[in-house]
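Working notes for the structure below.
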Amino acid sequence: MMRGDHTSQKLAFSFILLLIIVLASSQSALASKKPLNEKSPCKRFVLYYHDTLFNGTDAANATSATVANKTRLGDFNFGMLVVFDDPMTKDNHLLSPPVGRAQGFFFYDKKNEYNAWFAFTLVFNSSEYKGTLNIMGADLMPQKTRDLSVVGGTGDFFMARGIVTIETDTLQGDFYFRLKMDIKLYECY
Amino acid sequence: MMRGDHTSQKLAFSFILLLIIVLASSQSALASKKPLNEKSPCKRFVLYYHDTLFNGTDAANATSATVANKTRLGDFNFGMLVVFDDPMTKDNHLLSPPVGRAQGFFFYDKKNEYNAWFAFTLVFNSSEYKGTLNIMGADLMPQKTRDLSVVGGTGDFFMARGIVTIETDTLQGDFYFRLKMDIKLYECY
Amino acid sequence: MMRGDHTSQKLAFSFILLLIIVLASSQSALASKKPLNEKSPCKRFVLYYHDTLFNGTDAANATSATVANKTRLGDFNFGMLVVFDDPMTKDNHLLSPPVGRAQGFFFYDKKNEYNAWFAFTLVFNSSEYKGTLNIMGADLMPQKTRDLSVVGGTGDFFMARGIVTIETDTLQGDFYFRLKMDIKLYECY
């Protein structure tokens, strides 16, 4: 009988242990619905985007061109649409070897201040990464940093999602600007 | 021996209880792969979108402008491209205080009836919400309601996804229309 | 006492069994964070996309039109923007009954070779499927196959995400081309 008592005590203890495991597993199951933490991307890297707008004579250097002219709505280029195939570099030097291309478009869309809207694909074809990231969002230019959405990826970035935080790194007249892009992925597969 | 029987009965009962918990936790684990229910968004709100197209002289009121003219393909504005920075209000009054802006573009894209395609960002900067929602999809105008995709979000809407159900609330000539937007998020973090 | 031993042996065995179930459920909970496998879409089908560009006189047949002309940046149509409402068929015959429409736009965006960028909605309204899939990405034309992102879906494709692998099936002069689209969804609800 003593041994029976021992057995049931051990079993009771095991039950509690098991219950903890079960609840832990249950919690991780529930947690899996909300696994994303803004401060903990599963992948993160910074690249610089260089936009050199075609001025009509510099086709050798230019990597973007105006496709639709600004309208007469306000004084901030409302409606001006630019298509680009811009180099992405690891540092902020225009002539550094590109590690990818940003292909897409932006247009200005505010009548009383500068504001733009972007949709583009980051295309990687290097030893480091092969694949693409698809990105869209508003570029609220008066703010120091602006967040765009990474809405999908392919290749090494299969099904990725995340946030790209952009910041104007330099602005040189009408024909060159550079953005720092802090690319943070929260869904990696 | 009777006490041993009792113990094993209790244990058997506990096992069944435990098994139910385990299966429940296991089910919620499996369920977490498909947690989305069209009728149960994690966040939902209705806003009204007001598009006032620039007619060439009303820059003070206009919030959108034609960037590319319609083509000669059909009689339904095929190819006409409009960039907008439109106010979003809680009720259907154009002059209500905006709670956000819709910044993006649409174009008409059907030759034998009206049909449009939208991509835009809802920009919030109020006491209620700060952040953005990025949206795209077809506006099948002959249908009473049409569903667009919320493909990403930032700030208070970090990594959100969902559906925006739009409905034409009014259409006044060529220069003003209003959409009711029922914004339903199914991924909230 | 023998019976007590038996009981505890049985219980020990049950514990091990239960532990396996618990660990399995726990693992499936963890696995649910990364359930996607590139080779195992939850839905897959192939469709053909037919683009017949308006030449100014064939409005009856044409399903797309140039909205912004190419720029003088390079010799590969940089900046030429086309809006389309193109039929999708199950086989590669232009005149097969369409099972859906692809509504959206593309533009060329490279100055030293052909390259395009697409954003569009697949619209289904058949006995098989009702709903939409929203798609965007770079069309790196020199590559045999290119991957675009399915960034959202509605109706029968509620909240879907995935990859569309496109391949040029034929190219006939300036006014007709056909893409094979292998649509693979990895998030189905």
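Numbers restart at 1 for each chain; the letters A, B, ... are given by sequence-line order, proteins then strands. Worth saying up front: this structure is predicted, and the values here are computed from it rather than measured.
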query: At a heavy-atom separation under 4.5 Å, does A:A68 approach chain C through its side chain, its backbone, both, or neither?
result: neither
message: Under 6.0 Å between ring centres: does that hold for C:F78 and A:F84?
response: no
field: Under 4.5 Å from any heavy atom of chain A - which part of C:L81
entry: side chain
message: I'd like to verify something: which residue of C:N112, C:L148, C:N115 has the highest number of heavy-atom pairs under 4.5 Å with chain A?
response: C:N115
field: Engaged part of A:A60 at the chain C interface, taking heavy atoms whose separation is under 4.5 Å
entry: backbone
query: What are the residues of residues 88-104 of chain A, in order of number, with any heavy atom under 4.5 angstrom from a heavy atom of chain C?
result: A:R101, A:Q103, A:G104
task: List the atom of C:L73, the atom of A:A65, and the distance in Å for their closest heavy-atom pair.
output: CD2-CB, 4.0 Å
- prompt: Side chains of C:Y186 and A:F158: does their closest heavy-atom pair fall under 4.5 Å?
  reply: yes
Among the listed options C:D109, C:V150, C:T165, C:V151, the residue most often paired with chain A at heavy-atom distances under 4.5 Å: C:D109
- prompt: If every non-hydrogen atom of C:T71 is compared with every non-hydrogen atom of A:V67, which pair is closest and at what distance?
  reply: CG2-CG2, 4.3 Å
Nearest non-hydrogen partners of C:S149 and A:N134, listed with the distance: OG-ND2, 2.8 Å
query: Does the side chain of A:V123 come within less than 4.5 Å of C:L140's, by heavy atoms?
result: yes
- request: Could you tell me which of A:M136, A:E187, A:R161 has the largest number of non-hydrogen atom pairs under 4.5 Å with chain C?
  value: A:R161
statement: In terms of heavy-atom contacts, A:T132 and C:D147 come closest through OG1-O, 4.3 Å
message: Just to be sure I understand the criterion: a residue of residues 37-54 of chain A counts if one of its heavy atoms is under 4.5 Å from a heavy atom of chain C. Which ones qualify?
response: A:F54
